[in-house]
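Owing to the predicted nature of the structure, the values given are computational and were not obtained by experimental measurement.
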There are 2 protein chains.
Amino acid sequence: MVTDQTKPVDHPAFRAISDPTRRAILDGLRDGPRTSGRIAASFLVSRPAVCKHLKILVNSGLVRVHKRGRERVYELEARPLEKVEGWLEQYRQFWASRLARLKDYLESEQTGADELKGNS
Amino acid sequence: MVTDQTKPVDHPAFRAISDPTRRAILDGLRDGPRTSGRIAASFLVSRPAVCKHLKILVNSGLVRVHKRGRERVYELEARPLEKVEGWLEQYRQFWASRLARLKDYLESEQTGADELKGNS
DNA sequence: GTAATCTGTAACCGAATGGTTACGGATCAG
DNA sequence: CTGATCCGTAACCATTCGGTTACAGATTAC
């Protein structure tokens with residue numbers, strides 16, 4: 001076996017970070033906790049839309065929320081991203097290794113011996 | 001500024017890897033190039049469904065394809081994942097640093113001085 | 001040539017997604 | 001108490017998504 005045989009990684013975070021707006025929200029929260037209104041003010045979409053994104057982020061574990069008076073403070077909780085990182089890690093060798101670059105080179109002159117590289 | 005100020009990262013790969021089936025397809029391709037039929041055979045969903053997933057993966061740049069006789073060989077192209085990795089990297093400090101763990105500890109006894117940590 | 005095989009796509013369908021406007025609950029200001 | 005403010009959710013809508021079955025184009029086998 002060429003690569004590590006690991007169970008399929010699944011986590012709601014994968015879905016959560018697939019949306020550009022949600023990623024932008026997370027990016028903003030890297031500067032510190034923010035209230036719902038303040039977050040929404042920095043986006044073109046409506047406030048309820050942001051609220052729904054925040055809900056998704058909370059449900060995926062990427063953001064925590066707690067009340068403070070009449071406002072609610074949202075805060076980044078990055079730990080679930082570790083799952084994504086873990087999945088990604090298994091691919092790093094395919095873009096970072098010398099072998100990967102060698103492969104790229106060989107592919108520039110089609111050998112036609114494709115499936116020889118790994119068939120179970 | 002606490003964190004690096006970077007342009008919002010966007011790439012079709014984020015959407016592509018949000019689906020569990022597509023991630024499983026990529027996982028399989030780590031063992032080497034495979035034909036469409038062989039890939040489909042290892043999934044419960046129908047062959048056309050796998051075809052559509054493969055198309056999405058090709059369009060996102062995560063998979064390359066070339067014909068060989070009457071079959072088509074799909075091959076992993078991991079480089080776009082570097083974009084995802086780059087975005088993720090900006091969050092590593094939030095789950096890996098000593099500061100992050102200190103924050104976690106402090107949060108276990110609500111101080112109420114939330115937004116003091118970073119307001120522009 | 002003809003039949004079997006490998007493959008992608010069209011047509012269709014139900015469910016989920018991402019957005020909107022309208023509303024109501026809770027809290028602060030006066 | 002009353003009005004303004006902050007906020008989440010309900011209801012609705014168009015679009016996308018992920019799946020299916022049916023079909024058609026190429027290539028191989030005989």
Side-chain angles (χ1 to χ4, degrees), chain A residues 8 10-29 32-75 110 112 114-115 119, chain B residues 8 10-29 32-75 110 112 114-115 119:
Chain A
D10 202 4
H11 195 283
F14 280 99
R15 264 240 174 285
I17 67 171
S18 72
D19 182 84
T21 301
R22 283 194 290 270
R23 285 199 304 278
I25 291 176
L26 292 175
D27 287 342
L29 288 178
R34 294 285 184 271
T35 68
S36 169
R38 184 167 174 190
I39 294 169
S42 59
F43 288 94
L44 294 172
V45 296
S46 68
R47 192 182 52 76
V50 172
C51 271
K52 289 208 280 186
H53 282 305
L54 285 169
K55 192 176 188 177
I56 290 171
L57 288 171
V58 168
N59 288 340
S60 72
L62 287 169
V63 160
R64 276 173 304 172
V65 58
H66 67 94
K67 301 182 62 173
R68 188 183 59 183
R70 69 180 152 183
E71 45 192 25
R72 301 200 191 173
V73 181
Y74 289 86
E75 183 174 10
Q110 281 302 351
D114 310 307
E115 230 170 347
N119 35 15
Chain B
D10 200 5
H11 195 282
F14 281 98
R15 261 246 176 285
I17 67 172
S18 71
D19 182 83
T21 301
R22 283 194 291 269
R23 285 199 302 279
I25 290 176
L26 291 176
D27 287 343
L29 287 179
R34 294 285 184 271
T35 68
S36 169
R38 184 165 172 189
I39 294 169
S42 59
F43 288 93
L44 295 172
V45 296
S46 70
R47 192 182 53 76
V50 172
C51 272
K52 292 210 279 186
H53 282 305
L54 285 170
K55 192 175 187 178
I56 290 171
L57 288 171
V58 168
N59 288 339
S60 73
L62 287 169
V63 161
R64 275 174 303 173
V65 59
H66 67 95
K67 301 182 61 173
R68 188 183 59 183
R70 70 180 151 184
E71 45 192 25
R72 301 199 191 173
V73 180
Y74 289 86
E75 183 173 11
Q110 281 304 348
D114 308 308
E115 230 168 346
N119 37 13

Colleague: Could you report the tightest heavy-atom contact between A/Ala40 and A/Val50, atom names first, then the distance?
Modeller: CA-CG2, 3.9 Å

Colleague: Please report, rounded to the nearest Å, how far the P atom of C/dT9 is from the CZ atom of B/Arg72.
Modeller: 7 Å

Colleague: What's the spacing between A/Arg23 CZ and A/Leu62 CG if we round to 0.5 Å?
Modeller: 12.5 Å

Colleague: Check whether any side-chain heavy atom of A/Leu29 sits under 4.5 Å from a side-chain heavy atom of A/Ile39, and report yes or no.
Modeller: yes

Colleague: Rounded to the nearest angstrom, tell me the gap between atom CZ in B/Arg38 and atom P in C/dG8.
Modeller: 16 Å

Colleague: Are OP1 or OP2 of C/dT27 and a side-chain N or O of A/Lys67 less than 4.0 angstrom apart?
Modeller: yes

Colleague: Provide, to the nearest angstrom, the distance between the CG atom belonging to A/Leu57 and the C1' atom belonging to D/dG8.
Modeller: 15 Å

Colleague: In this structure, how many angstroms lie between the P atom of C/dA16 and the CZ atom of A/Phe14, rounded?
Modeller: 21 Å

Colleague: If you round to the nearest 0.5 Å, how far is CD of A/Glu71 from NE2 of A/His66?
Modeller: 10.0 Å

Colleague: Write down the distance between NE2 (A/His66) and C1' (D/dC7), rounded to a whole number of angstrom.
Modeller: 15 Å

Colleague: Please report, rounded to the nearest Å, how far the P atom of C/dT27 is from the CD atom of A/Glu71.
Modeller: 12 Å

Colleague: Quick one: pull up NZ in A/Lys55 and OG in A/Ser36 and give me the separation to the nearest 0.5 Å.
Modeller: 13.0 Å

Colleague: Would you say D/dG8 has OP1 or OP2 under 4.0 Å from some side-chain N or O of A/Ser36?
Modeller: yes

Colleague: Answer with yes or no whether A/Arg47 presents, from its side chain, a donor or acceptor under 3.5 Å of a partner atom in the base of D/dG8.
Modeller: yes

Colleague: Show me the side-chain donor-acceptor pairs of residues 11-19 of chain A shorter than 3.5 Å, one per line, residues at least two apart or across chains.
Modeller:
residue : atom : partner : partner atom : Å
A/His11 : ND1  : A/Ala13 : N            : 3.0
A/Arg15 : NH1  : B/Ser18 : OG           : 3.1
A/Ser18 : OG   : A/Arg15 : O            : 2.7
A/Ser18 : OG   : B/Arg15 : NH1          : 3.1
A/Asp19 : OD2  : A/Thr21 : N            : 2.9
A/Asp19 : OD2  : A/Arg22 : N            : 3.1

Colleague: What one-letter contact string describes nucleotides 13-19 of chain D from 5' to 3', where B marks a base within less than 4.0 Å of any protein heavy atom, S marks contact via sugar-phosphate atoms alone, and - marks no contact?
Modeller: ----SBB

Colleague: Between A/Gly69 and A/Pro48, which residue's closest nucleotide on DNA chain C lies nearer the 5′ terminus?
Modeller: A/Pro48

Colleague: Check if the side chain of B/Arg70 and the base of C/dT7 share a donor-acceptor pair of N or O atoms closer than 3.5 Å.
Modeller: no

Colleague: Do the side-chain N or O atoms of B/Lys55 get closer than 4.0 angstrom to the phosphate oxygens (OP1, OP2) of C/dG8?
Modeller: no

Colleague: Identify the residue among B/Arg38, B/Arg34, B/Lys67, B/Arg68 that makes a side-chain contact (heavy atoms from CB on, under 4.5 Å) with B/Val73.
Modeller: B/Arg68

